Amino acid sequence: MTTRAENAASPEALAGDSTKQRKRAIAVACAVLFLLSVGVRLLVWFNTAGEINKPLSVSTGSYVHDAHILLRGDVKTFLGGPNPPVDANILAHPPGYALLMTAVFAVHDSMNSLRVVQVILSSAVPVLMLLIAAQFLSWRAALLAGVLGALSPQLAYNSLLLLPDNLAVLPILLALWFLLRGGPSGNWTGLIVSGALLGVSVWFRANVLLLPVFVAAAAGLTLLPPGRRWRSAVIVVAALLVIAP
């Protein structure tokens, strides 16, 4: 009995219990933050339904047109445009958002279905804000950052617009999260996944085309140990491989 009590009260056991409790607390906080974010976005959707449901913008209409081309199975027109090379409008935007639309419309061809998917995906952004901020700040400050992100009416409204801008943020934050988790040790997996996710963001918005270069430079100078700084180049290579198609 005494041995068992001593083992239960050992520093190793106490540290293990503390780690489990911390992980459980983080998981609960992330779940609550996600649900809060979803609720705020649904409330903003309800309050702005008259404005949100106005006729589609030119950009959104272009994505919808491309998605329906894919739904018909006309991959050649989707890749090259209706009249190549005279009509080069197909080059005006990356194809990632049209591909997401195609996947959603294949299940249920509705703009509201697409908005529901965007609400779910964008609601993960405040959670990532919390996890990333916790790497630099206290837990309370990180939680405050996540709550402010979840309650932000601007972020909520933008997540309802049928445009890829808001969705491009999610893979960028995921890339930073993986980089911060595995980067300090020069972990190959963290660097490769980070680069690949940055490449995914380019599929939605071309504005971030050079971001992998700057992230790799910043990681090499500030995050990786001196003997492994050259590994940051893997971020650029992984991003290019994802962008290449």
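All figures in this text were calculated on a predicted structure; none of them were measured in a lab. The analysis underlying the following values was restricted to heavy atoms, covering all of them including side chains, and did not include hydrogens, waters or symmetry mates.
Side-chain contact between Leu163 and Phe204 is absent, with no heavy-atom pair separated by less than 4.5 Å. Using a 4.5 Å heavy-atom cutoff, the side chains of Arg72 and Ile69 are in contact. Considering only heavy atoms from C-beta on, Ser113 stays 4.5 Å or farther from Phe105 through its side chain. Inter-residue side-chain proximity for Leu211 and Ile172 is flagged as met; some heavy-atom pair is nearer than 4.5 Å.
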Original post:
So Val125 and Phe34, side-chain contact (heavy atoms from CB on, under 4.5 Å) or not? Walk me through it.
Top reply: CA-CA 9 Å; Val125 169; Phe34 177 80; over 6 Å; no

**OP:** Verify side-chain contact (heavy atoms from CB on, under 4.5 Å) between Asn166 and Leu161, making sure each step is shown before the conclusion.
**Re:** CA-CA 8 Å; Asn166 188 266; Leu161 299 177; over 6 Å; no

Original post:
Taking it one step at a time, do Met129 and Leu33 satisfy side-chain contact (heavy atoms from CB on, under 4.5 Å)?
Top reply: CA-CA 10 Å; Met129 291 171 60; Leu33 194 59; over 6 Å; no

Subject >> Val104/Met101 under side-chain contact (heavy atoms from CB on, under 4.5 Å): CA gap, chis, key distance, verdict >> reply: CA-CA 5 Å; Val104 174; Met101 277 187 171; 5.8 Å; no

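The line from CG of Leu209 to CD1 of Ile243 is 5.5 Å long, rounded to the nearest 0.5 Å. Remark: Ile192 CD1 to Leu197 CG distance equals 12.0 Å, nearest 0.5 Å. Note that CG of Leu128 and CG of Leu176 are 9.5 Å apart. Values are rounded to the nearest 0.5 Å. Distance check, rounded to the nearest 0.5 Å: CG of Leu167 to CG of Leu100 gives 6.5 Å. Note that the CZ atom of Arg229 and the CG atom of Leu221 stand 6.5 Å from one another [nearest 0.5 Å]. The CZ atom of Phe178 sits 12.0 Å away from atom CG of Leu191, with the distance rounded to the nearest 0.5 Å.
In terms of hydrophobic clustering, with Ile, Leu, Val, Met, Phe, Trp and Tyr side chains grouped at heavy-atom distances under 4.5 Å, Val213 and Val200 are assigned to different clusters. Grouping the Ile, Leu, Val, Met, Phe, Trp and Tyr side chains by contacts below 4.5 angstrom, directly or via other members, places Val234 apart from Val236. Under the 4.5 Å side-chain contact rule for hydrophobic residues, Val44 and Val117 share a cluster. Both Leu36 and Trp139 are assigned to one and the same hydrophobic cluster, defined by single-linkage of ILVMFWY side chains at heavy-atom distances under 4.5 Å. The same ILVMFWY cluster, assembled from side-chain heavy atoms under 4.5 Å apart, contains both Leu35 and Val127.
Considering only residues two or more places apart in sequence or on other chains, Thr222 meets the side chain to side chain contact (heavy atoms under 4.5 Å, CB included) condition with none of them. Residues that satisfy the side-chain hydrogen bond (donor to acceptor under 3.5 Å, both in side chains) test with Ser110, not counting sequence neighbours, are absent from this structure. Contacts of Tyr97 classified as side-chain hydrogen bond (donor to acceptor under 3.5 Å, both in side chains), with partners at least two apart in sequence or in another chain: Gln118.
Across every non-hydrogen atom of Cys30 and Leu130, the tightest pair is SG-CD2, 4.0 Å. Contact detail for Trp177 and Leu131: the closest heavy-atom pair is CZ3-O, 3.6 Å. Among all heavy-atom pairs drawn from Ala238 and Ala196, the shortest one is CB-N, 3.8 Å. The two residues Ala206 and Pro94 have their closest heavy-atom pair at N-CG, 3.7 Å. The two residues Arg41 and Gly149 come nearest to each other via the heavy atoms NH2-O, 4.2 Å. Of all the heavy atoms in Val38 and Ser123, the pair that sits closest is CG2-OG, 3.2 Å.
A donor-acceptor pair is defined here as one N or O able to donate and one able to accept, closer than 3.5 Å; such a pair exists between the side chain of Trp203 and the backbone of Val242. Remark: the backbone N or O of Gly61 is not paired with any side-chain donor or acceptor of His65 at under 3.5 angstrom. A donor-acceptor pair under 3.5 Å is formed between the side chain of Arg115 and the backbone N or O of Leu160. The backbone N or O of Ala98 lies less than 3.5 Å from a partner atom in the side chain of Thr102, making a donor-acceptor pair. Thr77 contributes no side-chain N or O that, together with a main-chain N or O of Asp74, makes up a donor-acceptor pair within less than 3.5 Å. Between the Ser37 side chain and the Ala150 main chain, no donor and acceptor come within less than 3.5 Å of each other. A donor-acceptor pair is defined here as one N or O able to donate and one able to accept, closer than 3.5 Å; such a pair exists between the side chain of Thr60 and the backbone of Leu162. With hydrogens and angles disregarded, a donor-acceptor distance shorter than 3.5 Å links the side chain of Ser194 to the backbone of Leu179.
Taking the six-membered ring where tryptophan is involved, the planes of Trp230 and Trp188 are perpendicular, since the angle between them exceeds 60° and thus also 30°.
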